[in-house]
Amino acid sequence: MTIDAKLRAGCEISLGFPHHGVVTAADHLRAVASYMDAEGLEAEMYLGGPMVAALEAKIADLLGKPAAMWCPTGTMAQGIAARIHAGATGSRTIQLHPTSHLELHEERGYHFAHGLDATLIGQWSSPLAADDLQPGAACAFIELPQRHNGGALPAWDELQAIKARARALNLPLHLDGARLWSTRPFYDDRSYAGVCDGFASVYVSLYKDIGALGGAVLAGEADFIADARLWVARLGGRIVSPVPMVPDALRLIERQLELMPAFVARAGMLAAALSGIEGVAVTPDPPHVNMLHLRVPCDAATAERARDEAARQTGVWLGNRFWDLEGGAVCALEITAGEALLDIPDARLAEAVSVLAREIAAAPIRPAQTTEA
């Protein structure tokens, strides 16, 4: 990934991270401090105070689980979940989709930190299905929504079939719900607890979509979470102070969840505006959540150069990263609808995407590699 920081900073419109409006780090910290003053929140240590407990109770209630635990990172939370399921089942193998965050972005921490192995199940280009699940594993990870497929979700009936097959196989399910918060509109506004029902454990992010400064929550049965707390301490996650991450999550979560249907609707409007532009494809179309992928027929390096030219011509920065797919023959730009996108005119974005497409069409053709990214 290459980013021209000066070019991006000079753009009038930017779709890069963060998605929830332009705010400086200092302004963000001041907002947290103001919230703590208004709510009378005091400093607490080693994740044992009432502020952390309040956030954990709120998330447990939302997800319909008996207990929940705040954790500094999702990577730590999900590794702990896999390890506990392995200890309970006696299996050292977890089942992952080929696009799983654990497989692509965590340096195989499940293996090197936790002594586990992974079996990849399902197809890169589609969400997991019930028939993909296999017997004999410690657990299977199901990502809702599936990021590297543009935020795709299985239909509700398919999700129930996944849960039923897991029960038949006596296979615990873990929900990688990093972006779970955006799924309710696709599932006819069923509750988060309804979506999570049937999962032995659930992880949610507090910075993706919620916009907090960091942190994650792992939820499950009370004994599962009691074990998880031990592993957080053993792995160095029992940090001295939860500030500013925990109060920031408390400050933001209710408001962001109220806005989530608007974010999902905005992604759908944007997809409709972009899907008719020659040389690009929106996936899924229409989007399932507040995310979509814009697929273009070139490698990521070519797309990045075209993005930069679109930024120079239109003053619109379309995003930070293109993902190489299909051996470099196709790449995808991830666009997430948050507050920053709500008031941006579709015409401005369509103009930038049109320039992007023209620049890619005019670029020299590069031979595709033989393996999928």
Note to self: So, taking the atom named OG1 in Thr24 and the one named CG in Leu29, what distance separates them when rounded to the nearest 0.5 Å?
What the structure shows: 8.5 Å
Next item on the list: Determine, stepwise, if the pair Ile239 / Met245 fulfils side-chain contact (heavy atoms from CB on, under 4.5 Å).
Entry: CA-CA 11 Å; Ile239 58 177; Met245 291 183 283; 4.0 Å; yes
Note to self: The criterion is ring-ring contact (aromatic ring centres under 6.0 Å, His included); which residues satisfy it with Tyr203, sequence neighbours excluded?
What the structure shows: none
Notebook entry, point to check: Does any pair with a residue in residues 48-57 pass side-chain hydrogen bond (donor to acceptor under 3.5 Å, both in side chains), and if so which ones, sequence neighbours excluded?
Noted result: Glu56-Arg229
Next item on the list: Check ring-ring contact (aromatic ring centres under 6.0 Å, His included) between Tyr110 and all other residues, then give those that pass, not counting sequence neighbours.
Entry: none
Next item on the list: Please identify each residue that fulfils salt bridge (Lys or Arg N to Asp or Glu O under 4.0 Å) with Arg266, with sequence neighbours left out.
Entry: Asp346
Checklist line | Any residue meeting side-chain contact (heavy atoms from CB on, under 4.5 Å) with Phe186, in chain and number order, not counting sequence neighbours | finding: Leu153, His288
Item checked: Side-chain heavy atoms of Glu103 within contact of Pro98, under 4.5 Å -> no
Next item on the list: Quickly, which of Lys208, Arg321, Arg295, Arg147 forms a salt bridge (charged side-chain N to carboxylate O under 4.0 Å, His left out) with Glu334? Name it, please.
Entry: Arg147
Next item on the list: Compare all side-chain heavy atoms of Thr119 with those of Ile94 and state whether any distance is below 4.5 angstrom.
Entry: no
Next item on the list: Give a yes/no verdict on a cation-pi contact between Arg184 and Tyr192, requiring under 6.0 Å between NZ or CZ and the six-membered ring centre and an angle within 45° of the axis.
Entry: yes
Margin query: Is it true that Asp117 and His111 share a donor-acceptor pair across their side chains at a distance under 3.5 Å?
Written below: yes
Notebook entry, point to check: In terms of ring plane angle, is the pair His148 and Trp124 parallel, tilted or perpendicular, where the classes change at 30° and 60°?
Noted result: tilted
Margin query: Under a 3.5 Å distance rule, please check whether Ser100 uses its side chain to pair with a backbone N or O of Leu96 as donor and acceptor.
Written below: no
Checklist line | Straight-line distance of Cys139 SG to Arg83 CZ, nearest 0.5 Å | finding: 13.5 Å
Check: Where is the tightest heavy-atom contact between His174 and Leu218, given as atom of each residue plus distance?
Finding: CE1-CD1, 3.9 Å
Checklist line | Distance (rounded to the nearest 0.5 Å) between Leu180 CG and Cys196 SG | finding: 5.0 Å
Item checked: salt bridge (Lys or Arg N to Asp or Glu O under 4.0 Å) against Asp37, all qualifying residues, sequence neighbours excluded -> none
Notebook entry, point to check: For residues Thr283 and His293, is any side-chain donor paired with an opposing acceptor at under 3.5 Å?
Noted result: no
Note to self: Would the distance check show the side chain of Gln146 and the main-chain N or O of Ser126 forming a donor-acceptor pair, the cut-off being under 3.5 Å?
What the structure shows: yes
Margin query: So which atom in Pro284 and which in Gly150 form the shortest heavy-atom distance, rounded to 0.1 Å?
Written below: CD-O, 3.2 Å
Next item on the list: Would you please test Leu62 and Ile253 for side-chain contact (heavy atoms from CB on, under 4.5 Å) and show each step?
Entry: CA-CA 11 Å; Leu62 283 169; Ile253 188 165; 4.2 Å; yes
Check: What pairs with Arg179 under salt bridge (Lys or Arg N to Asp or Glu O under 4.0 Å), at least two apart in sequence or on another chain?
Finding: none
Next item on the list: Report yes or no: is the cationic atom of Lys163 (NZ for Lys, CZ for Arg) closer than 6.0 Å to the six-membered ring centre of Trp156, at no more than 45° off its axis?
Entry: yes
Next item on the list: Find the distance between CD1 (Ile84) and CD1 (Ile225) and round it off to the nearest 0.5 Å.
Entry: 7.0 Å
Note to self: Who clusters with Met269? Use side-chain heavy atoms, under 4.5 angstrom, across I, L, V, M, F, W and Y, and order the result by chain and number.
What the structure shows: none
Item checked: Close side-chain approach of Lys65 and Val202, heavy atoms under 4.5 Å -> yes
Item checked: pair Leu159-Tyr187: side-chain heavy atoms closer than 4.5 Å -> yes
Note to self: Please report the interatomic distance OG1(Thr99) to NE2(His105), rounded to the nearest 0.5 Å.
What the structure shows: 8.0 Å
Note to self: Test of understanding: with side-chain hydrogen bond (donor to acceptor under 3.5 Å, both in side chains), list the residues that count as partners of Glu309, not counting sequence neighbours.
What the structure shows: Arg312, Gln313
Margin query: For residues 63-97, which residue pairs pass the ring-ring contact (aromatic ring centres under 6.0 Å, His included) check, not counting sequence neighbours?
Written below: His85-Phe224
Notebook entry, point to check: Should Phe322 and Leu294 be marked as a side-chain contact (heavy atoms from CB on, under 4.5 Å) after you check the CA-CA gap, both sets of side-chain angles, and the distance that decides it?
Noted result: CA-CA 9 Å; Phe322 288 82; Leu294 196 67; over 6 Å; no
Margin query: Any carboxylate oxygen within less than 4.0 angstrom of a Lys/Arg side-chain nitrogen, looking at Lys58 and Asp61?
Written below: no
Next item on the list: For Thr314 and Ala352, indicate whether the former's side chain and the latter's backbone hold a donor-acceptor pair under 3.5 Å.
Entry: no
Notebook entry, point to check: Of the non-hydrogen atoms in Pro297 and Gly279, which two are nearest, and what is the gap between them?
Noted result: CD-O, 3.3 Å
Note to self: Tell me whether Arg190 is salt-bridged to Asp188, with the criterion being a basic N under 4.0 Å from an acidic carboxylate O.
What the structure shows: yes
Notebook entry, point to check: Between Ala130 and Arg165, what is the shortest heavy-atom contact and its length?
Noted result: O-CD, 2.6 Å
Checklist line | Trp181/Leu257 under side-chain contact (heavy atoms from CB on, under 4.5 Å): CA gap, chis, key distance, verdict | finding: CA-CA 7 Å; Trp181 306 120; Leu257 293 185; 3.6 Å; yes
Item checked: Leu47 versus Val52, closest heavy-atom pair with distance -> O-CG1, 3.8 Å
Checklist line | Side chain Asn290, main chain Phe263, donor-acceptor under 3.5 Å | finding: no
Notebook entry, point to check: What residues, two or more places apart in sequence or in another chain, satisfy side-chain hydrogen bond (donor to acceptor under 3.5 Å, both in side chains) together with Arg238?
Noted result: none
Item checked: Euclidean distance, Asp176 CG relative to Glu143 CD, rounded to 0.5 Å -> 4.5 Å
Notebook entry, point to check: Salt-bridged, Arg30 to Asp27, with N to O below 4.0 Å?
Noted result: yes
Notebook entry, point to check: Do Leu144 and Pro154 come within less than 4.5 Å of each other through their side chains, counting heavy atoms only?
Noted result: yes
Notebook entry, point to check: salt bridge (Lys or Arg N to Asp or Glu O under 4.0 Å) with Glu44: which residues, sequence neighbours excluded?
Noted result: none
Next item on the list: Could you tell me which non-hydrogen atom of Ala222 sits nearest to which non-hydrogen atom of Pro66, and how far apart they are?
Entry: N-CB, 4.3 Å
Notebook entry, point to check: Salt-bridged, Arg251 to Glu39, with N to O below 4.0 Å?
Noted result: no
Note to self: Would you call the rings of His114 and Trp231 parallel, tilted or perpendicular, taking 30° and 60° as the class edges?
What the structure shows: perpendicular
